[in-house]
There are 4 protein chains.
Amino acid sequence: MARRGPQGGGAAKRDRILRAAIRIFSQKGYFNSRISEIARLAGVADGTIYLYFKNKDDLLISLFEEKMGEVVSDVRARVAEGGDALSRLRIFIGNHMDLLVREAGLIEVIQVELRQSNKFMKEYVPVKFLEYLDVLGGILDAGKLEGIFRPDLNVTLARRAIFGALDEISLAYVLSRKRKYDPAEAADEIYRIFAVGLRGQAPTMGGKP
Amino acid sequence: MARRGPQGGGAAKRDRILRAAIRIFSQKGYFNSRISEIARLAGVADGTIYLYFKNKDDLLISLFEEKMGEVVSDVRARVAEGGDALSRLRIFIGNHMDLLVREAGLIEVIQVELRQSNKFMKEYVPVKFLEYLDVLGGILDAGKLEGIFRPDLNVTLARRAIFGALDEISLAYVLSRKRKYDPAEAADEIYRIFAVGLRGQAPTMGGKP
Amino acid sequence: MARRGPQGGGAAKRDRILRAAIRIFSQKGYFNSRISEIARLAGVADGTIYLYFKNKDDLLISLFEEKMGEVVSDVRARVAEGGDALSRLRIFIGNHMDLLVREAGLIEVIQVELRQSNKFMKEYVPVKFLEYLDVLGGILDAGKLEGIFRPDLNVTLARRAIFGALDEISLAYVLSRKRKYDPAEAADEIYRIFAVGLRGQAPTMGGKP
Amino acid sequence: MARRGPQGGGAAKRDRILRAAIRIFSQKGYFNSRISEIARLAGVADGTIYLYFKNKDDLLISLFEEKMGEVVSDVRARVAEGGDALSRLRIFIGNHMDLLVREAGLIEVIQVELRQSNKFMKEYVPVKFLEYLDVLGGILDAGKLEGIFRPDLNVTLARRAIFGALDEISLAYVLSRKRKYDPAEAADEIYRIFAVGLRGQAPTMGGKP
DNA sequence: TATGAATGAGACTTCATTCAT
DNA sequence: GATGAATGAAGTCTCATTCAT
């Protein structure tokens with residue numbers, strides 16, 4: 001998040017580089033992306049990238065943190081507009097699926113690369129991602145207090161489950177060329193499942209359990 | 001030294017290479033793994049790997065397909081033991097979380113690399129992964145017929161949602177050194193959420209919707 | 001007329017750059033020194049250096065010639081104060097070792113970089129260095145005329161030998177952190193060796209020659 | 001000195017690389033030499049160099065230590081042939097000047113690069129160079145015991161002085177295209193100076209001291 | 001089959017130098 | 001004159017893959 005490199009007018013150039021990186025990383029993946037390609041797309045010389053970012057890793061991480069930071073701020077504001085926990089959950093889910101359209105490249109990078117980075121970049125903690133999860137956790141906690149979700153709900157697990165569901169569906173959407181379903185409809189279905197699922201008791205099973 | 005037959009000895013060697021690849025890929029990721037390191041761990045020469053696999057990509061894909069194939073066969077057999085859709089869903093979920101313990105390395109590779117590969121390896125269709133999803137889809141379809149899940153449930157989406165939830169929780173488990181929760185307990189919680197969530201109608205929201 | 005760069009106020013800036021270059025070159029060596037680092041230490045912009053010097057090579061050579069020029073003028077004046085060749089040799093040697101203290105950085109640069117430059121910079125002739133050697137050669141020539149040194153002394157070789165001895169001892173002094181010996185004492189010892197050595201006949205050897 | 005890289009047949013290749021490095025380094029200097037150029041001259045691929053040496057630095061240092069090691073062994077054997085300290089000093093000096101002819105490239109590299117490396121390569125101690133100085137120190141110590149050199153001679157300084165004289169004259173020889181003097185004659189002159197200089201008392205100076 | 005030394009294309013990154021302001 | 005952001009050529013080193021043994 002630290003602004004390295006030239007100030008002022010440079011900010012626009014820095015942003016051009018970040019956008020180019022999103023585009024290239026999302027198309028080819030981090031390891032298959034070439035700095036020279038990002039530079040070309042950003043309309044700068046290769047070396048210029050190193051005025052704004054320490055190295056290729058730093059470019060990826062800056063992209064995560066800064067762009068994800070914007071996403072987090074945005075979803076926070078949107079969720080705050082909601083009423084009870086259910087309506088806020090609805091907003092959160094709807095917003096997530098909507099991001100697929102609004103911020104396609106960024107989402108693709110995050111989905112594919114965040115896992116790699118999480119696991120293989122030493123010393124990298126995905127702060128902004130954890131904040132995003134916290135927004136969801138806050139909704140679930142509130143829902144328990146409001147009596148909307150069952151009191152013994154494991155929020156830590158549940159928020160991961162919801163995020164995982166959203167993320168997987170996003171990925172399927174992103175990967176399939178055919179775009180079989182509509183993100184808004186998908187948001188509805190996911191909401192229905194969790195709105196009910198977080199509230200009630202499990203039914204009894206039939207047959208050999 | 002008496003040489004083993006080409007089949008027997010070779011098959012064992014091939015498997016040693018695959019196991020070594022799982023170990024190294026899961027620790028460092030595909031792009032950070034070196035063929036020479038896999039060879040060393042497998043106890044063969046670098047060149048030997050190319051007698052069994054076309055190239056590094058092929059090693060990863062073979063690993064996906066073959067090992068994932070075993071996982072699919074296994075879960076099919078286990079699920080067949082169940083009674084109604086709910087009990088089979090319970091088995092599926094329990095089995096998935098249990099894989100984290102039984103097949104730790106493999107799961108880590110699949111979680112992290114499958115996304116990359118899905119997106120960036122030309123011409124690769126993750127057949128076995130889709131079969132795994134089909135097992136889940138079969139359970140959901142049956143549940144609808146059995147009247148356990150609501151009739152308008154979008155199975156295509158729901159199976160992705162369930163898989164995503166399981167996968168994300170697995171990932172969190174794998175990434176956290178602390179192992180905050182028990183896979184079996186996590187399986188219970190996930191089951192409760194979906195068993196209920198797949199059945200009922202969404203409640204009405206309060207506040208600004 | 002021959003003056004490069006800006007006039008007046010510029011001269012001070014030019015000197016700041018030269019001093020900074022001495023400091024950086026002496027610490028890191030020519031090839032490991034960065035123009036940007038010299039600029040920072042001199043308190044000017046990178047580009048400013050190119051207003052006063054043609055390029056990095058020119059900066060090094062200017063440094064050699066100008067600073068070495070001062071050293072030569074200075075030693076000439078000091079030597080002129082001496083009486084016979086021996087006393088002038090003593091002054092020359094004492095002055096050289098004293099330079100280690102008075103002009104530490106410059107000496108380090110000359111010792112280490114002059115060799116490189118001598119050999120690898122096309123078209124560079126270290127004029128001032130040769131003048132420095134000439135001062136020494138003049139003393140030896142005079143000594144021969146005065147009958148203090150033996151008449152068949154090869155002055156060309158001897159002046160190199162004396163310079164080499166002084167230079168090597170200076171280098172050892174500069175390189176060792178411990179500063180094992182005192183430059184003034186070292187000057188005494190060197191003087192003793194050469195004062196005697198330049199005069200007499202070699203003794204006969206014993207054993208297998 | 002540690003033998004890295006392939007064994008056996010590789011030793012010849014390793015040596016080809018070292019010889020090529022000596023040639024290129026001596027012609028252009030370390031920093032102006034390209035790995036690709038050394039590889040070409042050695043008749044190997046660029047990457048092959050890295051099978052035998054860790055990096056470019058390691059190539060230079062290996063060259064110093066291994067080749068200098070041979071020089072030290074050799075001079076030790078030659079000096080042991082001598083009788084008293086004077087005759088051994090004569091051998092040492094003669095051998096040093098003779099190296100200029102026998103091992104021209106190596107000597108050039110050592111003269112020019114050792115200074116750089118001494119000063120700027122962290123953690124590098126020129127062990128073999130110090131051993132070479134020790135051979136000279138041993139001769140001087142013996143000479144004092146034999147009563148050939150004066151008893152208050154500072155051996156640490158004197159051996160540096162002798163080495164410096166030899167080194168500087170070698171450098172001048174190497175640098176001058178014209179080859180003004182003969183190494184053997186130069187050896188004679190240097191020997192005469194030190195054989196006398198190390199023995200006697202300094203004469204008194206005339207004039208202003 | 002198995003080996004592993006050798007290959008060489010190509011990536012990241014640095015940094016002297018330029019030039020619009 | 002002074003600046004310093006921008007340039008882009010070029011070098012070191014890596015590593016998947018090959019092939020002679």
Among E:dT3, F:dG4, E:dT13, the one nearest any side-chain atom of C:Ala45 is F:dG4
So, A:Lys28 side chain and A:Arg34 main chain: donor-acceptor pair closer than 3.5 Å or not? no
Donor-acceptor contact present, side-chain C:Lys128 to main-chain C:Val71, <3.5 Å: no
What stems, by residue range, does DNA chain F take part in, given at least 3 consecutive Watson-Crick or G-U pairs under 3.5 Å? E:2-21 with F:2-21
C:Ile17 CD1 to F:dG1 C1', straight-line distance once rounded to whole Å: 12 Å
Rounded distance in Å - CZ (C:Phe53) to P (F:dG1): 14 Å
Nearest-nucleotide 5' precedence on DNA chain F, C:Asp46 against D:Phe31: C:Asp46
Would you indicate whether C:Arg19, at its atom CZ, is surrounded by more than 12 heavy atoms from other residues, nucleotides or ligands within a distance under 6.0 Å? no
How many Å lie between CG on D:Leu59 and C1' on F:dG11, as a whole number? 15 Å
Side chain of D:Leu51 (C-beta onward), nearest among F:dC13, E:dA6, F:dT7: E:dA6
Rounded to the nearest 0.5 Å, what's the gap from CG on B:Leu114 to CD1 on B:Ile107? Could you check? 10.5 Å
To the nearest angstrom, the OH-C1' distance between C:Tyr50 and E:dA20 comes to 18 Å
With rounding to the nearest 0.5 angstrom, report the CD to CD distance, A:Glu37 to A:Gln27. 8.0 Å
Looking across every strand, which nucleic acid part, if any, lies under 4.0 Å from D:Ile35 by heavy atom: base, sugar-phosphate, or nothing? sugar-phosphate
Can you tell me if C:Tyr30 uses its side chain to pair, donor with acceptor, with the backbone of C:Val112 under 3.5 Å? no
Rounding to 0.5 Å, atoms CZ (B:Arg16) and CD1 (B:Ile49) come to a distance of 11.0 Å
Quick one: CZ on C:Phe120 to CZ on D:Phe31, what's the gap to the nearest 0.5 Å? 11.5 Å
F:dA16 P sits how many Å from A:Asn32 CG, rounded? 13 Å
Between atom CZ in B:Arg40 and atom P in F:dC15, what is the gap in whole Å? 12 Å
Among the nucleotides E:dC12, F:dC15, E:dA6, whichever has the atom closest to the side chain of D:Tyr52 is E:dA6
With a 4.0 Å cutoff (strictly under), does any side-chain N or O of A:Lys13 reach OP1 or OP2 of F:dA6? yes
Let me know the distance between CD1 of B:Ile38 and P of F:dT17, rounded to the nearest Å. 11 Å
Think A:Thr48 has a side-chain N or O under 4.0 angstrom from the OP1 or OP2 of F:dA6? no
Counting heavy atoms from C-beta on, name the nucleotide in F:dT17, E:dT13, F:dT7 closest to the side chain of B:Lys56. F:dT17
Does a side-chain N or O from C:Arg34 land closer than 4.0 Å to OP1 or OP2 of E:dT14, or not? no
Pick the closest DNA chain E nucleotide for A:Tyr30 and for B:Gly47 by heavy atoms, then say which residue is nearer the 5' end. B:Gly47
Rounding to a whole Å, what distance do you find between C:Ile49:CD1 and F:dT3:P? 10 Å
Of the listed E:dT13, F:dC13, E:dT7, the closest approach to the D:Val44 side chain comes from E:dT7
